[in-house]
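Comments concern the structure below.
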Amino acid sequence: MSETIEHIVLVKIKDNTNPSKINSMINALHALSYLDGVLHLTAGPIHTIIRSPSFNFTHMLHGRYKSKNDLRNYSLHPEHLSVANDIVNPICDDIMVLNWVAHLHGPIVPPVGAVMRVSFFKLQEDVLKIVGGIKDRFGSNVQITFGENFSPAKAKGFSIGLLVIFPGFSELEAFDLNEKVRGGT
């Protein structure tokens, strides 16, 4: 088990944005993966989301870092600031960021073809215990991290993050179907 920092950034791309600008954004974000302290970095479109009028993000960046200090250094790095200010922010309507300390079981870099489910919670009371109990429902073929957000400035009031990495879409769909049958969320 290793301690890593989970970094989730959700963005909503402005309507009618030229697809080439979106591709440039994704490529520019991927290019930041070589910066010191970055263990893993990937970005792309969100394929499915439980939508609400206030939660309509279109793209996600997932990063893992060795420490809070490494995440801070990444966030302040001139190349990251250039990508954020010159490429990402001009095409975004909204952005949300959550970071937490994850006690990671399994690989730092998710396997090729893996899919992610990200959930955020605003509740405080015993949520970490409840979320921790969810691990048993997923089985051994998934990787789960969760924790309390330590950077609330852009978290829109969310305080807990949960990330589940499935081997592929079929496993995520099977889990979703099983949860509907059992009456889960």
Side-chain angles (χ1 to χ4, degrees), residues 1-14 17 19-47 57-121 128 131-132 135 142-168:
M1 180 171 67
S2 66
E3 188 172 281
T4 59
I5 303 300
E6 294 282 16
H7 175 61
I8 303 290
V9 179
L10 299 176
V11 297
K12 180 184 182 313
I13 301 297
K14 292 177 182 176
T17 297
S20 68
K21 288 188 176 190
I22 297 170
N23 289 335
S24 293
M25 176 191 76
I26 291 170
N27 291 334
L29 290 169
H30 282 146
L32 298 173
S33 65
Y34 78 92
L35 296 177
D36 286 341
V38 176
L39 300 172
H40 165 71
L41 190 85
T42 190
I46 296 172
H47 293 284
F57 296 99
T58 58
H59 290 75
M60 181 177 107
L61 175 130
H62 173 236
R64 287 183 169 161
Y65 304 84
K66 296 176 188 175
S67 67
K68 289 180 184 179
N69 190 51
D70 286 337
L71 173 59
R72 185 177 64 250
N73 290 341
Y74 163 84
S75 297
L76 297 174
H77 194 283
E79 290 187 48
H80 170 264
L81 292 172
S82 176
V83 168
N85 294 329
D86 300 338
I87 299 173
V88 178
N89 291 344
I91 65 170
C92 288
D93 267 342
D94 199 5
I95 189 167
M96 187 170 119
V97 180
L98 264 81
N99 301 299
W100 65 88
V101 176
H103 301 283
L104 195 59
H105 300 274
I108 295 292
V109 176
V112 173
V115 296
M116 299 176 190
R117 167 179 280 176
V118 180
S119 303
F120 302 120
F121 305 92
L128 289 176
V131 170
K135 284 183 171 185
V142 299
Q143 184 182 69
I144 301 172
T145 73
F146 63 93
E148 188 171 355
N149 179 44
F150 61 78
S151 56
K154 294 183 180 178
K156 300 186 181 289
F158 290 95
S159 56
I160 305 294
L162 169 68
L163 173 69
V164 182
I165 299 176
F166 292 86

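Computed from heavy atoms alone, side chains included, the values below leave out hydrogens, waters and symmetry copies.
The two residues Met96 and Phe57 have their closest heavy-atom pair at CB-CZ, 3.7 Å. Between Tyr65 and Leu71, the closest heavy-atom pair is CE1-CD1, 3.7 Å. The nearest pair of heavy atoms linking Ala84 to Pro90 is O-CD, 4.2 Å. When all heavy atoms are compared, the tightest approach of Asn149 to Ala155 is ND2-CB, 3.3 Å. Taking every heavy atom of both residues into account, Cys92 and Ile13 meet most closely at SG-CD1, 4.2 Å. Here the closest heavy-atom approach between residue Ile26 and residue His59 is recorded as CD1-CD2, 4.0 Å.
Pairs engaging residues 77-93 under the salt bridge (Lys or Arg N to Asp or Glu O under 4.0 Å) rule: Lys12-Asp93 [sequence neighbours left out].
A donor-acceptor pair under 3.5 Å is absent between the side-chain atoms of His77 and the main chain of Leu35, judged by distance alone. Panel note: side chain His80, backbone Ser75; a donor-acceptor pair is recorded below 3.5 Å.
Annotation: Asn23, atom CG; neighbour count of heavy atoms from other residues, nucleotides and ligands within 6.0 Å is above 12. Other residues, nucleotides and ligands contribute more than 12 heavy atoms inside 6.0 Å of the NZ atom of Lys14.
Classified by interplanar angle (parallel below 30°, tilted 30° to 60°, perpendicular above 60°), the ring pair Tyr74/His7 is perpendicular.
For Val109, the side chain to side chain contact (heavy atoms under 4.5 Å, CB included) partners are His40, not counting sequence neighbours. By the side chain to side chain contact (heavy atoms under 4.5 Å, CB included) test, Asn69 is found to be paired with Ser67, Arg72, Asn73, residues two or more places apart in sequence or in another chain being considered.
For the atom pair NE2 of His47 and OG1 of Thr58, the computed distance is 11.5 Å after rounding to the nearest 0.5 Å. Summarising the geometry, atom CG belonging to Leu61 is positioned 9.5 Å from atom CG belonging to Leu10; distances are rounded to the nearest 0.5 Å. Separating the OG1 atom in Thr42 from the CZ atom in Arg64 is a distance of 11.5 Å, to the nearest 0.5 Å. The line from CE of Met25 to CG of Asn89 is 10.5 Å long, rounded to the nearest 0.5 Å. Atom CG of Asp70 sits about 9.0 Å away from atom CD1 of Ile5, to the nearest 0.5 Å.
Between His30 and Leu41 there is no side-chain heavy-atom pair separated by less than 4.5 Å. Counting heavy atoms from C-beta on, the side chains of Ile165 and Val115 never come closer than 4.5 Å. Considering only heavy atoms from C-beta on, Arg117 stays 4.5 Å or farther from Leu163 through its side chain. You'll find the side chain of Gln143 stays beyond 4.5 Å of the side chain of Pro167, heavy atoms only.
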Problem set entry | side chain to side chain donor-acceptor pair (under 3.5 Å) between Asn99 and Ser151, worked out | CA-CA 6 Å; Asn99 301 299; Ser151 56; 2.5 Å; yes
For this session: Check the pair Val97 / Ile8 against side-chain contact (heavy atoms from CB on, under 4.5 Å), numbers first and verdict last.
Result: CA-CA 6 Å; Val97 180; Ile8 303 290; over 6 Å; no
